[in-house]
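This chain uses plain numbering: 1 for the first residue, then up along the sequence. Computed from a prediction, not measured in an experiment: that's the story for all the values here.
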Amino acid sequence: MTPTLRDPTKSPEEPAESQSAGEDNDRERANQSDPSCDTILLQADPWKPCQRSRATVKEWLLRLRSCLGTVCGMEWYGYAALGISMAVLSFLVDLSVTKLLRAHQWLYLKLEGNGLLQFFCWTLYPACLCAAASSFTDNICPFSTGSGIPEVRTMLAGIEMPHYLSLTNLFTKLVALVCTLAAGSTIFLGKVGPFVHLSTIVGAYFSNLCTLIQGNKKERAAGEMLVVAAAVGVASCFGAPISGVLFSVEVMCSHFALRHYCPCFFSAACGALMFRLLSVWSGDGETPQALFKTNFPSSLPFYPLEIILFALLGLLCGAVSCCYLFCHRRVLRFTKTNPFLVKALTTEKGLYSGVVALFLASLTFPPSAGQYMASKLTMKQLLTSLLDSRQWSSQSHNASVQPGPDPLLEWSSSGSPVLSLAVFLLVKVWMMVLAWTLPLPTGYFMPVFVYGAALGRLFGEGAAYVSSTALTSSQQWASVNPGGYALAGAAAFSGAVTHTLSPALLALELTGQFSHALPVLLATLLANAVARSGHRPSFYDALSIGKRLPHLPSLVKASPRLPFTPIGQVLESRSVQLQKVAGPAEVQHAVNTSTDQQIPVVDSHESQIVLGFVLRSELLMFLRHCETDGVTQTLEKHLDEVCCIHPNSVLLSPHNTVQEAHGILSLLGVQTLCVADRGRLVGVITWPEMKRILEDLAKEI
């Protein structure tokens, strides 16, 4: 079963069926208003067991709904339930992945002393997991591969994609995501994108549930729940509600309505609070706190002149992101055009994923090249080690400052932590691009965030080394914090790749280091300025373009002239229309051949002068009226005598552009727009028609 985002009353129905449905709705409303009626109906049916008990339960449920409804609307309970359920789901995924990673680490350590068996354990474990996940998704639900964010962005723009909101997709993506994350930092993939998609699926079902409980059908509420779900997906991953809402504003929605702010913040706060409480109850901490613990100095976080260095770091991250996005677009194009890769990604997805994962794991084998990139550390351990405030290049490093195993030992296994950082940056950049070709449910944000932290760490280590040499004779710059540069680099690079500013706030919420708010925001702004120059597409825009999704903001980045195509050049001329003197036969034909909720009305088929539109529900009432009154062909009534012809609030011209038509559909929330030339009807723009137009334009790129 797949949830639909449109109003269910808008489906085509026969007049008799519509009458029956209306009677059922009347009975349902009567039953809801009078709980005793439910008791009578249930007890009157001898075929249902436990009639009296069922009637009592339903009566109490109706009373509970009435009590809850007096506090606030039922949709607010849906927002809270969405945030809590996604937080529980995120916690269970993290717990499962942690168990699988520990099992892999335990087996690897048990084989110590036998290099060949350790190599097989290190390489075959992630290869088998990736192959199993890819085969599972390909056989159960092929729509569950990838991030899911480009598809969610397309749905939030008004395009219906019901296959991406099915329960099968939810189950398949969840299982395959656990297998992908259990492959570890060898594959270097995250979970943010898939969780935004999973949250959207859960939000669609909660929206249908709230609609069922309320007894009315609101399409606006369904769209609002999906916008809220996009924010909850990020908040439930990191326990960061504010950056989750900002992510939904920047990435997911091309037009964000102000009425979505309160629901987004409320649901994201519920999800973030539940996620952090689950961490406390599992024994990870005594109280809800930042996900990544840091020990930055609070008395003097950074020197005033370091602002210049943070600005230079932002420019560097912007330049590196441009190179990275260029390589990513080239690889995407290569995978779409190379015959061998096209065949492998079409028919042999499991084999392709296994081979690529085996190759990546072989490169990160710790006794070989893996010792130069801290391959034993997980994604969370990598980020925690990079945010360390101690100077790795300092010879006075004391390993006993922090209890437990010191992650610096993994970076120092090659002799120099700076050398390991340089190798990490050079190797991981193309390993990430190669790993992101895998047909798996994968997240792309966290790897980019960690890579930016490594870039900032290397920059900070250089600044700390220079400050400790003869260039600064005084002790003023003796305590430069490289971890602050890692924090700024993570936010700047991930923000430049995604063309957003929300990573700056996310970095502060993840660490709790709001003392670095100014340098982090400055670095992110400058990195975005460099990355956005030349109208280059962002990472998610490139994915939408590569998949040829009907997402207009992404198509603008690929071809700036494409959205300015006149609507008259791509509009299909045939459309269902009615004249004002239409009889029952013509109305019946229009109802049977069209699924639109608004059908245009013209003065006559010869003149084609647009008068307005008539609602589908009114046409069904017109047909029922004709049947009940027994109207004959000689005395048939006309359309304008029974139905109300509504005037068009907006009338498009064939010279209007596709971008203008798309913007009007999105902002006004209408379902139908008439296109007229000098008052004569040319065609009709609906969301299905807009989807067809955008898909045709995407093929031209």
Under the side chain to side chain donor-acceptor pair (under 3.5 Å) definition, can you give me all pairs with a residue in residues 230-243, not counting sequence neighbours?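 Applying side chain to side chain donor-acceptor pair (under 3.5 Å) to every pair that reaches into residues 230-243, excluding sequence neighbours, yields Ser243-Glu509.
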
Can you name the closest pair of heavy atoms from [X] and [Y] and give their distance?
X	Y	answer
Ala531	His499	O-NE2, 3.5 Å
Val570	Leu697	CG1-CD2, 4.5 Å
Lys580	Ile645	CB-CD1, 4.3 Å
Pro503	Phe445	CG-CE1, 3.8 Å
Ala157	His551	CB-CD2, 4.2 Å
Leu694	Leu552	CD2-CD1, 3.8 Å

Could you give the distance from [atom1] ([X]) to [atom2] ([Y]), rounded to the nearest 0.5 Å?
X	Y	atom1	atom2	value
Ile664	Asn656	CD1	CG	6.5 Å
Phe275	Ile84	CZ	CD1	14.5 Å
Glu660	Ile685	CD	CD1	12.5 Å
His662	Trp687	NE2	CH2	4.0 Å
Arg536	Lys557	CZ	NZ	11.5 Å
Met86	Cys270	CE	SG	14.0 Å

Is [X] reaching over with its side chain to a backbone N or O of [Y], donor-acceptor style, under 3.5 angstrom?
X	Y	value
Ser207	Gly203	no
Ser85	Leu82	yes
Ser90	Ala87	no
Glu250	Leu501	yes
Thr200	Val196	yes
Ser544	Tyr540	yes
Arg616	Val591	yes
Ser666	Gly663	no

Under 3.5 Å, is there a donor-acceptor pair between the Lys691 and Thr154 side chains?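 Side-chain D/A pair, Lys691 to Thr154: absent.
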
Does the side chain of [Y] come within less than 4.5 Å of [X]'s, by heavy atoms?
X	Y	answer
Pro441	Thr137	yes
Tyr205	Leu167	yes
Leu332	Leu543	yes
Val88	Met274	yes
Ile201	Lys173	no
Glu224	Tyr79	yes
Val610	Pro600	no
Phe143	Thr172	no

So does Arg692 pair up with Glu689, basic N to acidic O under 4.0 Å?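 Here Arg692 pairs with Glu689 in a salt bridge, since their nearest N and O are under 4.0 Å apart.
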
Might you work through the side-chain contact (heavy atoms from CB on, under 4.5 Å) test for Phe238 and Val192, ending with a clear yes or no? CA-CA 9 Å; Phe238 304 115; Val192 177; 3.4 Å; yes

Hey, mind stepping through Asn169 and His163 against side-chain contact (heavy atoms from CB on, under 4.5 Å) and telling me if it holds? CA-CA 8 Å; Asn169 200 336; His163 296 294; over 6 Å; no

Could you point out which residue of Gln579, Gln577, Arg680 forms a side-chain hydrogen bond (donor to acceptor under 3.5 Å, both in side chains) with Gln608?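 Looking at Gln579, Gln577, Arg680, the match for Gln608 under the side-chain hydrogen bond (donor to acceptor under 3.5 Å, both in side chains) is Gln577.
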
How about CE on Met621, more than 12 heavy atoms from neighbouring residues, nucleotides or ligands closer than 6.0 Å, or not?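 For Met621, atom CE is not crowded (no more than 12 foreign heavy atoms under 6.0 Å).
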
Crowding at NE2, His589 (>12 non-hydrogen neighbours, <6.0 Å):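 Not more than 12 within 6.0 Å, no.
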
Only one of Arg330, Lys336, Arg329 passes side chain to side chain contact (heavy atoms under 4.5 Å, CB included) with Arg333; say which it is.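 It is Arg330; the other options fail the test.
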
Could you give me the CA-CA distance, side-chain angles and deciding distance for Ser538 and Asp541, then say whether side chain to side chain donor-acceptor pair (under 3.5 Å) is met? CA-CA 5 Å; Ser538 68; Asp541 291 332; 3.0 Å; yes

Assess whether side-chain contact (heavy atoms from CB on, under 4.5 Å) is satisfied between Met225 and Ser267, documenting all intermediate values. CA-CA 10 Å; Met225 185 68 79; Ser267 186; over 6 Å; no

Worked check of side-chain contact (heavy atoms from CB on, under 4.5 Å) between Ile609 and Val602: CA-CA 5 Å; Ile609 301 299; Val602 296; 5.9 Å; no

